[in-house]
Amino acid sequence: MDIRVFKTFIAVAENKHFGRAAENLYITQAAVSARIKQLEEFYGTQLLIRDKNNLRLTPAGEALLSHAHMLVNQMEQSKIALTIADQQKATFNIAATPNVWDAFFSSRILDALAAFEHLSLSSEISVREAIQRKLDERTVDVGLLTDPIKDDDFVNVLIGYFELSFVGSEPTFDATCNDYIYVDWGLTFNKEHALHHKVVPKFKTSTAMMALEVMLSQGGFGYLPNELVQEFVKNGSLFTIDSPLQIKRPIYMVYKKNHHHQTLIEECKQLFSRAR
C-alpha cells in the first residue's frame, strides 16, 4: 500500500473536508477521493461517513487513524535513518599487541589515518588472545602480532620486522643483577629468552614504553625497540649490550579468511609493507 494513501486519509480526517485536504496535499479532490476509495477497498470497510457539510470517521476509521499516523511516522524515520547511514563512513578496526604498538604501529598511526581518510578508522591495544577472538567475531578487521595465528580460518601476512636492542643503564650486564626488566615480545622471543637468560626479573611488562620509563628513572636492563632507544643510547642515558638472542622480530598482519573488505585489506597490506 502506497504511504501517500495513508497521508491522504490523515489529511481528510484532520480537515474533515475533501477539498481542504486536496489543497494541503497539492493534489486534486478527485485524487483524494480515489485514494480514500482505495483504502476502503483494501480494508473492506467504510472509513468515512459523508453527510452533507458533515464528514466524520466511522469506528473503523477512528481505529485506523492512529495506525496511519504510526505508519507515516515510521516511514519518515526510516528515510532519515537511511540518509544518515549513507552519509556515514565505513569503519575499519586495527588491533595490535602492546609490543607491536610500541615497536611499530604507534609511529605509523598518522600514515594509517592519511591512507584511510575515507574511512572511520579505529585502533586498540589488546593481548593476543583477545585479538584472535575479536578477529574471529569480526569486530576487529586486522590484527598486528609478532607471532602468526596457526589456524586455517586466518590469513597471516609477514609485513615487516623491527629490531630489538639489549640495553641498560650501565655498560655491562651481570646475570646476577636485581634490576632486570622483562618485556614480553611474543611466543618465539619468550622461548629464546628462556634458553639464554636465567636472570630473575624485578619487573615484567608487555609495554616497551613502561619498561623504558622504569629503566630511565630507576635503572635496569632489558630488550627494547631500536627506534625507541636510539636517542637515549646516543646521548649516553642508555648503553647497548651484546645479546645472544635473535633480536630481529617479525610483524604479522592477521585477518579472517573471506574478509568482506578485501580491497581495504589489500590497502592495509600495502601501507604496512611500505613502512618496513
Can you check whether [Y]'s main-chain N or O pairs, donor with acceptor, with [X]'s side chain at less than 3.5 Å?
| X | Y | result |
| --- | --- | --- |
| Lys204 | Val183 | no |
| Thr58 | Gly61 | yes |
| Glu170 | Thr172 | no |
| Arg108 | Leu271 | no |
| Ser169 | Met215 | no |
| Gln262 | His259 | yes |
| Thr205 | Thr207 | yes |
| Ser165 | Val167 | no |
| Ser237 | Val233 | no |

Could you report the tightest heavy-atom contact between [X] and [Y], atom names first, then the distance?
| X | Y | value |
| --- | --- | --- |
| Ile241 | Gly168 | CD1-N, 4.1 Å |
| Ile159 | Leu144 | CD1-CD2, 3.9 Å |
| Leu224 | Ala211 | CD2-CB, 3.9 Å |
| Thr146 | Gly186 | OG1-CA, 3.5 Å |
| Thr8 | Ile27 | OG1-CD1, 4.4 Å |
| Val140 | Ala95 | CG1-CB, 3.9 Å |

More than 12 heavy atoms of other residues, nucleotides or ligands under 6.0 Å from [atom1] of [X]: yes or no?
| X | atom1 | result |
| --- | --- | --- |
| Asp174 | CG | yes |
| Lys198 | NZ | yes |
| Met75 | CE | no |
| Arg133 | CZ | yes |

Just by distance, with hydrogens left out, do Asp184 and Asn190 show a side-chain donor and acceptor under 3.5 Å apart?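 Yes.
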
Asn99-Ser206 side chain donor-acceptor pair, cut-off 3.5 Å: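 No, no side-chain donor-acceptor pair sits under 3.5 Å.
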
Same apolar cluster: [X] and [Y], side chain cutoff 4.5 Å:
| X | Y | answer |
| --- | --- | --- |
| Leu113 | Trp101 | yes |
| Leu187 | Val100 | no |
| Ile3 | Leu47 | yes |
| Val127 | Phe104 | no |
| Leu65 | Ile49 | no |

Please find out if less than 6.0 Å separates the ring center of [X] from that of [Y].
| X | Y | answer |
| --- | --- | --- |
| Phe203 | Tyr180 | no |
| His193 | Phe166 | no |
| His67 | Phe9 | no |

Could you measure the distance from the [atom1] atom of [X] to the [atom2] atom of [Y]? Nearest 0.5 Å is fine.
| X | Y | atom1 | atom2 | value |
| --- | --- | --- | --- | --- |
| Asp141 | Met253 | CG | CE | 9.5 Å |
| Asp153 | Gln132 | CG | CD | 9.5 Å |
| Asn156 | Leu145 | CG | CG | 8.0 Å |
| Asp136 | Ile131 | CG | CD1 | 13.5 Å |
| Arg138 | Asn93 | CZ | CG | 13.0 Å |
| Gln74 | Ser78 | CD | OG | 8.5 Å |

Residues that Glu192 engages under salt bridge (Lys or Arg N to Asp or Glu O under 4.0 Å), provided they are two or more places apart: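 Testing Glu192 for salt bridge (Lys or Arg N to Asp or Glu O under 4.0 Å), a comparison that skips the adjacent residues, returns Arg249.
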
State whether [X] and [Y] are salt-bridged, where the test is any N-O pair (Lys NZ or Arg NE/NH1/NH2 against Asp/Glu carboxylate O) under 4.0 Å.
| X | Y | value |
| --- | --- | --- |
| Glu41 | Arg35 | no |
| Glu40 | Lys37 | no |
| Lys256 | Glu137 | no |

Go through Lys269 and Tyr255 one step at a time and tell me if the side chain to side chain contact (heavy atoms under 4.5 Å, CB included) criterion holds. CA-CA 11 Å; Lys269 287 181 190 177; Tyr255 57 94; 3.1 Å; yes

Are the side chains of [X] and [Y] in touch, meaning some heavy atoms are under 4.5 Å apart?
| X | Y | result |
| --- | --- | --- |
| Cys268 | Ile94 | yes |
| Thr97 | Ile125 | no |
| Glu267 | Phe92 | no |
| Ile109 | Ser123 | yes |
| Ser107 | Glu227 | yes |
| Glu14 | Ile10 | yes |
| Val254 | Val155 | no |
| Tyr252 | Ile149 | no |

Between Tyr223 and His197, does the ring-ring contact (aromatic ring centres under 6.0 Å, His included) criterion hold? Intermediate values first, please. CA-CA 12 Å; Tyr223 287 87; His197 288 297; 5.7 Å; yes

When you look at Ile36 and Arg50, which way does the side chain to side chain contact (heavy atoms under 4.5 Å, CB included) test go after all the steps? CA-CA 12 Å; Ile36 296 300; Arg50 303 168 180 81; 3.4 Å; yes

What do the steps show when you test Lys7 against Glu76 for salt bridge (charged side-chain N to carboxylate O under 4.0 Å, His left out), and what is the final call? CA-CA 11 Å; Lys7 288 183 176 180; Glu76 294 300 327; 3.3 Å; yes

Please evaluate residues Gln29 and Glu23 with respect to the criterion side chain to side chain contact (heavy atoms under 4.5 Å, CB included), reporting the C-alpha separation (whole Å), side-chain torsions for both, the decisive distance (0.1 Å), and the verdict. CA-CA 8 Å; Gln29 189 168 331; Glu23 291 174 5; over 6 Å; no

Which word best sums up how the rings of Tyr182 and Phe189 line up, parallel for under 30°, tilted for 30 to 60°, or perpendicular for over 60°?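 Plane angle between 30° and 60°, so tilted.
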
Working note: Phe162 + Asn226, criterion side chain to side chain contact (heavy atoms under 4.5 Å, CB included); need CA distance, chi angles, decisive distance, verdict. CA-CA 8 Å; Phe162 62 90; Asn226 282 2; over 6 Å; no

